[in-house]
There are 2 protein chains.
Amino acid sequence: MAAKLTPTSYALLGLLRLQPWSAYQLTTYMQSTALNFIWPRANAGIYNEPKKLVAHGLATARVEPNAGRRRTIYEITGKGRRALAAWLARPNGEWSFASEAALQIFFADGAGLEELRAQLRALIEHGRDRYQMDQAMVAHWLGEGPRFPARLHFTAMMADLISSLTTAIDDWASRWLLLSESWPDTALNDVNETQAREILERLLETLGTRDN
Amino acid sequence: MAAKLTPTSYALLGLLRLQPWSAYQLTTYMQSTALNFIWPRANAGIYNEPKKLVAHGLATARVEPNAGRRRTIYEITGKGRRALAAWLARPNGEWSFASEAALQIFFADGAGLEELRAQLRALIEHGRDRYQMDQAMVAHWLGEGPRFPARLHFTAMMADLISSLTTAIDDWASRWLLLSESWPDTALNDVNETQAREILERLLETLGTRDN
DNA sequence: TAGCTCATACTCCACTTTAGAGTATCGTCA
DNA sequence: TGACGATACTCTAAAGTGGAGTATGAGCTA
């Protein structure tokens with residue numbers, strides 16, 4: 001009877017290893033921290049997950065009063081610790097990206113130049129919002145310290161990853177916003193064909209130096 | 001009676017705008033091109049989507065013989081074109097990332113140093129596989145040209161995006177593989193605390209220059 | 001010729017996940 | 001007293017998934 005655990009299960013086990021949590025705390029933490037960037041999950045799904053952990057003996061639940069209300073506190077079990085350790089020992093290089101914005105840009109030859117550029121600007125604006133949010137968090141970590149001070153290095157690692165990706169997308173959108181300045185429209189023409197070939201040639205070089 | 005269209009619906013409309021497609025062709029194209037990077041979708045879902053488009057009058061379907069077999073060919077309608085154009089005119093800066101690997105790295109304080117480093121190496125290896133794949137595609141586009149020659153600039157745009165993200169993650173993993181060389185274990189210590197603070201301080205600077 | 005493999009062409013399905021609400025209670029404030 | 005925000009959690013129709021499966025035809029080999 002192998003428990004059908006998902007990465008979400010393991011994420012919660014990872015948090016429970018640090019301390020006991022209420023379901024609300026787990027959900028709030030997962031949705032307001034770096035975790036929401038590297039493993040975005042819907043509210044309802046997170047609430048359901050600890051119940052599954054309990055059903056499989058990986059966590060325990062107790063209901064306690066809290067300021068006149070009841071809340072459920074979850075704690076990891078020994079079995080849960082072992083399941084987490086086994087998962088951590090299984091290397092996995094996978095990641096995925098998805099973007100409706102990028103999809104719209106990919107099909108922008110069905111729209112006008114100004115619409116394409118508006119999409120690129122929207123991506124840049126979205127990145128700006130992200131930067132402001134991240135800046136406040138980083139300043140807080142350097143000042144008061146993170147929620148888990150003993151994990152500062154992991155906090156920094158994730159902040160570095162998020163910033164790297166946000167910056168990469170920002171740079172990409174800015175690059176093509178600049179390149180498209182000289183386009184008459186979204187159709188292929190001499191200007192943007194030359195640009196495209198140059199970019200592809202540059203990519204071929206870059207990829208060639210990295211594939212071994 | 002507004003059709004409940006998803007980004008997947010629009011992606012298919014975007015492809016149908018270029019030419020008529022069979023369901024098999026739509027599925028194969030979506031899963032083997034840049035589209036699978038910016039909007040990854042399961043096989044069954046893609047097969048179902050064109051039927052919905054037909055149900056909403058955005059596409060038509062006809063069954064034709066093909067080498068003794070039957071296949072369904074879909075074509076976009078005028079209504080479908082208008083729905084696509086309206087979607088393209090709605091800017092959207094959103095994107096999402098998800099990675100079980102990053103999740104495992106985030107919780108690696110529950111494992112040993114070698115396990116953390118194995119995770120980082122797995123990410124780098126995954127990137128290397130990606131580079132080899134992309135290299136072959138880019139070489140093909142520069143040689144024979146892409147499937148849709150008139151969209152070369154959009155092909156280049158997406159290749160640039162994919163490469164940027166792959167490179168960013170590769171660099172991040174390499175950076176932390178290097179930084180962790182001097183760690184005695186995954187716990188916080190003087191060495192990695194100093195590293196973490198330096199990274200966070202550098203991030204604060206970078207974010208500060210980009211948030212306005 | 002028969003069998004195997006691959007490509008073409010698509011369906012099925014139990015389960016998971018989502019977006020986007022909703023309900024309920026308590027403390028604080030005007 | 002009523003409104004608002006925080007705490008605490010549930011509900012649900014629709015979308016999506018992984019991982020098969022079925023079927024047919026062409027090409028190749030023993």
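As a basis for the values below, the full set of heavy atoms in this structure was taken, side chains included, without hydrogen atoms, waters or symmetry mates.
In terms of position on DNA chain C, the residue among A:Thr6 and B:Ile73 whose nearest nucleotide sits closer to the 5' end is B:Ile73. If A:Ala44 and B:Asn48 are placed on DNA chain D by their nearest nucleotide, the residue sitting closer to the 5' end is A:Ala44.
Atom OH in B:Tyr47 sits roughly 12 Å away from atom C1' in D:dA23 (whole-Å rounding). Rounded to whole Å, the distance from CD1 on A:Ile46 to C1' on D:dC9 is 13 Å. In this structure, B:Tyr10 atom OH and D:dA15 atom P are separated by 13 Å, rounded to whole Å. Between B:Arg70 atom CZ and C:dA7 atom C1' there is a gap of 18 Å when expressed in whole angstrom units. Separating the CD atom of B:Glu100 from the P atom of C:dT16 is a distance of 16 Å, rounded to the nearest angstrom. Straight-line distance from the CG atom of A:Leu5 to the C1' atom of C:dC15: 15 Å, rounded to whole Å. Rounded to whole Å, atom C1' of C:dA19 lies 12 Å from atom CD of B:Glu94. Distance, B:Glu64 CD to C:dT8 P: 15 Å, rounded to whole Å.
Using a 4.0 Å heavy-atom criterion, one finds that B:Asn43 contacts the bases of the nucleic acid, with or without backbone contacts as well. Looking at heavy-atom distances under 4.0 Å, B:Pro40 makes contact with sugar-phosphate atoms alone, never a base. At a threshold of 4.0 angstrom between heavy atoms, the contacts of B:Lys52 with the nucleic acid are absent.
With hydrogens and angles disregarded, a donor-acceptor distance shorter than 3.5 Å links the side chain of A:Trp21 to the backbone of A:Leu15. For B:Thr167 (side chain) and B:Ser163 (main-chain N/O), a donor-acceptor pair under 3.5 Å exists by modelled atom type. Side chain of B:Ser99 to backbone of A:Glu94: a donor-acceptor contact under 3.5 angstrom is found.
Of the candidate nucleotides C:dT18, D:dA8, C:dC10, D:dA8 has the atom nearest to the side chain of A:Ser22. If you check D:dC9, D:dG19, C:dA9 against the side chain of B:Asn66, the one that comes closest is C:dA9.
Within the 4.0 Å cut-off from OP1 or OP2 of C:dC10, at least one side-chain nitrogen or oxygen of B:Thr72 is found. A close approach under 4.0 Å does occur between a side-chain nitrogen or oxygen of B:Arg71 and OP1 or OP2 of C:dA9. Between B:Lys51 and C:dT11 there is a side-chain polar atom (N or O) within less than 4.0 angstrom of OP1 or OP2. Residue B:Tyr24 places at least one side-chain N or O under 4.0 Å from the OP1 or OP2 atom of C:dT8. Between B:Arg69 and the phosphate of D:dG25, there is no side-chain N or O to OP1/OP2 separation shorter than 4.0 Å. For C:dT17, the OP1/OP2 oxygens have no side-chain nitrogen or oxygen of A:Arg41 closer than 4.0 Å.
Inspection of the A:Arg175 and B:Ser164 side chains reveals an N or O donor paired with an N or O acceptor under 3.5 Å. Between the side chains of B:Glu49 and B:Ser9, a donor-acceptor pair is found at a separation under 3.5 Å.
Aromatic pair A:Phe97/B:Phe37: centroids less than 6.0 angstrom apart.
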